[in-house]
Peer 1: 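This is the structure I want to talk about, given as structure tokens.
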Amino acid sequence: MDKKELEKKLKGLEIPSPDGERKETILRAALKEFEERHDEVKEESKGFDVAGRLTGKREKKSFFKGGAVMMRPIYVTISLAMVAVFVAYTLHYYPGMAPIKNDFSRAPVRTEQDRVSKGPALRANRLAVADREVPPAAEPAAKPSITLGDKQIARQGGDDTKGASSGVVVAGSTGSDERLMMARTVEEAVAPPVAMGKAGEMRERDSVGERGKSKVAKSEVKSRQMGIYQSDAVSKKEQFAGYIAQAPVPAKVLTEAERSIVRNEYTGRDRFERLEQNPVKLTQEEPVSTFSIDVDTASYAFVRRSLHQGHLPQKDAVRVEELINYFDYDYAAPKSRRKPFKPTVAVYPTPWNPETKLLHIGIKGHEMEKKRRPRANLVFLLDVSGSMSSPDKLPLLKNSMKMLVNELEHEDTVAIAVYAGAAGTVLDPTKVKDKGKIVSALERLRSGGSTAGGAGIKLAYALAESNFDEKAVNRVILATDGDFNVGIRNSNELKGFVERKRKSGIYLSVLGFGQGNYNDELMQKLAQSGNGNAAYIDTLNEARKVLVEEAGGTLFTIAKDVKIQVEFNSDRVAEYRLIGYESRMLKREDFNNDRVDAGDIGAGHSVTAIYEITPVGSGSQLVDPLRYGRKPHSSKAVKGGEYAFLKIRYKLPHEDESRLITKAIGNNLEYSTIQDAPTDVRFATSVAAFGQLLKGGRYTEEFSYDDVRALAESSRGRDRFGYRSEFLSLVGLAKTASTMGDR
Amino acid sequence: MGTEELTKDINGLSDSELVERSVGGASGTFECLVNRHYMLVYRVAYKWCGIRENAEDITQEVFVKLARAIHGFKGGSAFRTWLYRITVNTAKDYLRSSARKMANEGAYIKEKEVASQCAVTDDNPVSSEELYSALGSLSPKLKEAVILVLSEGLSHKEAAGVIGCAETTVSWRLFKAKRVLIKLLAQEV
């Protein structure tokens, strides 16, 4: 479709005919209003700008231009006086109202409050609304005040319903939000001491005291207007306050204290692909092992979360390669961009089996210097379904995206689309130099609403395409708790769609949040199809890791479709077993087939793969050698021979033909004891052991969690960000969880 | 006064004349005004939200507001401009309220059926339904430019008057909107 066609279609946009009866109703309602207003106007000969006051949006302009009734000096004075008194009261009684805590649980409240203030107005007569909003029993103090949505009380699960009085929980997402909203409301009274007493009980919840009865239609109208304003006029200030109030709090501090007490029953519907661990292979039968690299880290975060909740993770949730790759390793970095990474290989004795050895392959992608990196054209596609309202979801998501935006440069652009709730474009592509707009748009996000089909992934890609820059990195970042109702129902279709878009140059990364609805399998598949990575964000620290420290890796691919192929020498290696990568195995012929998709390496990423190999002649083979197979050459002749030959295929970001890197793996890369092996190699090994234990320890003999801990402790290294120390604590938690027989 | 004569008289009056007389309290002229512009409001409301029931709610709200506001109408801008403005703003507010969206789910499904019945029979690859869906995905700023200019036929200048921005802003938004719409409508599953 071209522009002309589009314009033609829009010009001829069809409308169903309006309902005749409804038209009559509307006409009558309008006439009635007209007549009533006409009478009022006759009475109020003072000439209030009634029209200005009641025309919704237009009224906003005249309000500020001094045309409306509220700007009359007398009202301004009264308002200010009341605000001052009110603020004084609240500050006196609620010293703790400073924005310290995030109370995300109240995030949904605002949405409904808006709803009440506007919803009824649209259907009912204004006076009827006034009737409905007046609460039954008033406080003794005769001073009237405004109700702002008294219906919301019961929602919070027994928030503050004390008696019939309208305990209004005008809760925002932070205490400071509330204060601002209160301050802006034209308060005609402050609740007297009686109400304060009740309010005192509610103090914990940061809710403000009660409101009395609303007096007249006029004040009613004012409050409704204020209600209408909330979402607009207040937004800037409250967003700012909200932003400050929601400054990152180390989530760990909160969660561990609570969670060690509460043992959660695992009741989620989280979905993971079921895969058998890679079996032991006989070299003579299958000398070649081929797989795609994986830089996703979702599994580690998910495992961490389970352990913090006091139970072992589902076995299928444990992908050992992702646990290993969670950590950064100091492998030698490549020198030039043309050869974007360098393999580091080591062979050393297996800690859990003295008869076997480990073949360790490490690859480090080069870092991207800030000034060299391309522009980013990003579209955030965010799930705002009702299920996203818990604190570990949408609020965390918002903070995470803000952190990412902080890492971007002025010329990068960000657009925001939402799905599964409100749907559509929230922010058109905006340059990061207008960061305020982007942050405001993020701040305004609310979860809730039902699925409004249509918009979703297609919209996100359309936004990316409309701003496409072939010199830039064009990427959609999808964030969800598991709802993939992005407009394409079938997951295979969805995957196909993402793949086609990838070919046209728009990539996809997936961020998972929350628990109970997590769809790990689909996340992984989509990320791989989209030349992106999948990460699971369970805490703000993790958000920082993925979106700040590793922003380069998440956003900028330095090598795509990276495949590894290892051919083992049957004269030296009798059996081998690849640890992890079960979901990444490739057919032997896929290695050279450039049309077969594989994982991508982002700037600064490191990738590790470990094989456990049984040397020929060790006597500890698991698989009986073939009776009729070729006997290996005598050990003397092959002592100097290679263990294996490593091949790596990759494509540079803008190319479609793959390139090859090879490396022979011989004795020169061998360490006689594990203590001699480099620190990073030892640490990676401890993580590999840990992952295998979590999966049942089928191949790890007697190796225990204590053994894992000892090995990890001795190889902690500098641990700049504390991730390795955190790992140690996870090992402890796993040990506890396993001894309690807790699954 | 013979009502028939009055009716003849009324229909010949311009908008501003009608408004003037309505301000004075003549409900007959007000009624005429409402009738005359009913489709305009309903049309814009429908294009904005794509669901008839909701469009009618918006229409009602607009005319009720009109009834209140007309007494104070200063006549600074053309009546139509003013009416477009109220309609667009009311539609925006309406969509923002999430309660509406929850109620929508049922209505949306029904509406889809209606829309597909409305679909033109000539073989156009893009149905009415798809167009509405695409339109609905746009941000409010882009949407209003598209509806006012490309669908309602206002000039960039007139649309700028309704929205309250510069004419060049309208042009720029249209440019962006067309780009996104074309991409969106070009997607195949």
Peer 1: Given side chain to side chain contact (heavy atoms under 4.5 Å, CB included), test L142(B) with D428(A) step by step and report yes or no.
Peer 2: CA-CA 9 Å; L142(B) 298 191; D428(A) 293 310; 3.3 Å; yes
Peer 1: Distance check, rounded to the nearest 0.5 Å: I70(B) atom CD1 versus E33(A) atom CD?
Peer 2: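 With rounding to 0.5 Å, CD1 (I70(B)) is 12.5 Å from CD (E33(A)).
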Peer 1: Are T425(A) and V180(B) side-chain neighbours, meaning at least one heavy-atom pair lies under 4.5 Å?
Peer 2: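 T425(A) vs V180(B): side chains apart.
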Peer 1: Any non-hydrogen side-chain atom of P16(A) less than 4.5 Å from a side-chain atom of Y42(B)?
Peer 2: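 Yes, at least one pair of side-chain atoms sits under 4.5 Å.
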Peer 1: The test is side chain to side chain contact (heavy atoms under 4.5 Å, CB included); show your working for L184(B) and E465(A) and say whether it passes.
Peer 2: CA-CA 9 Å; L184(B) 202 46; E465(A) 283 166 10; over 6 Å; no
Peer 1: In Å and rounded to the nearest 0.5 Å, what is the NZ to NZ distance from K183(B) to K458(A)?
Peer 2: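 Atom-to-atom, K183(B):NZ and K458(A):NZ are 15.0 Å apart.
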Peer 1: Is any residue of residues 171-179 of chain B within less than 4.5 Å of chain A by heavy atoms, and which ones?
Peer 2: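 Residues of residues 171-179 of chain B touching chain A at under 4.5 Å: F175(B), K178(B), R179(B).
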Peer 1: What part of I147(B) lies closer than 4.5 angstrom to a heavy atom of chain A: side chain, backbone, both or neither?
Peer 2: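 For I147(B), there is no contact with chain A at all, as no heavy atom is under 4.5 Å.
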Peer 1: Within this structure, what is the NZ-OG1 distance for the pair K23(A) and T59(B), rounded to the nearest 0.5 Å?
Peer 2: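 These two atoms lie 10.5 Å from each other.
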Peer 1: Checking side chain to side chain contact (heavy atoms under 4.5 Å, CB included) for the pair D57(B)/R22(A): CA distance, chi angles, key distance, verdict?
Peer 2: CA-CA 9 Å; D57(B) 285 346; R22(A) 187 70 202 272; 3.0 Å; yes
Peer 1: So, E56(B) side chain and D19(A) main chain: donor-acceptor pair closer than 3.5 Å or not?
Peer 2: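 Answer holds: yes.
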Peer 1: Roughly how far, to the nearest 0.5 Å, is the CG atom of L185(B) from the CD atom of E5(A)?
Peer 2: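 E5(A) CD to L185(B) CG: 10.0 Å, rounded to 0.5 Å.
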Peer 1: Ignoring hydrogens and angles, tell me if any N or O in the side chain of Y46(B) forms a donor-acceptor pair with the backbone of E14(A) under 3.5 Å.
Peer 2: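 No; judged by distance alone, with no hydrogens or angles, the pair does not exist.
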Peer 1: So which of G153(B), S139(B), A55(B) has the biggest tally of heavy-atom pairs under 4.5 Å with chain A?
Peer 2: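 So the answer, after comparing G153(B), S139(B), A55(B), is S139(B).
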Peer 1: Could you measure the distance from the CZ atom of R28(A) to the CD atom of Q60(B)? Nearest 0.5 Å is fine.
Peer 2: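 Nearest 0.5 Å value for the CZ-CD distance: 10.0 Å.
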Peer 1: Minimum heavy-atom separation for A30(A) to A67(B), with atom names?
Peer 2: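 Nearest pair, atom of A30(A) first, then A67(B): O-CB, 3.3 Å.
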Peer 1: Taking all atoms of both residues into account, what is the closest heavy-atom pair of S151(B) and L10(A), and its distance?
Peer 2: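 Closest heavy-atom pair between S151(B) and L10(A): OG-O, 3.0 Å.
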Peer 1: Roughly how far apart are Y38(B) OH and L27(A) CG, rounded to 0.5 Å?
Peer 2: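 Going from the OH atom of Y38(B) to the CG atom of L27(A) covers 8.5 Å.
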Peer 1: Check step by step if side chain to side chain contact (heavy atoms under 4.5 Å, CB included) holds for F34(A) and L66(B).
Peer 2: CA-CA 8 Å; F34(A) 176 81; L66(B) 181 68; over 6 Å; no
Peer 1: Which region of V62(B), side chain (C-beta onward) or backbone (N, CA, C, O), has a non-hydrogen atom less than 4.5 Å from a non-hydrogen atom of chain A, or is it both or neither?
Peer 2: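 For V62(B), there is no contact with chain A at all, as no heavy atom is under 4.5 Å.
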Peer 1: If I measure from the heavy atoms of chain A, does F63(B) come under 4.5 Å with its side chain, its backbone, both, or neither?
Peer 2: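 The answer is both parts of F63(B).
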Peer 1: If you count heavy-atom pairs within less than 4.5 Å of chain A, which of E31(B), K143(B), K141(B) leads?
Peer 2: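 Most pairs with chain A among the choices: E31(B).
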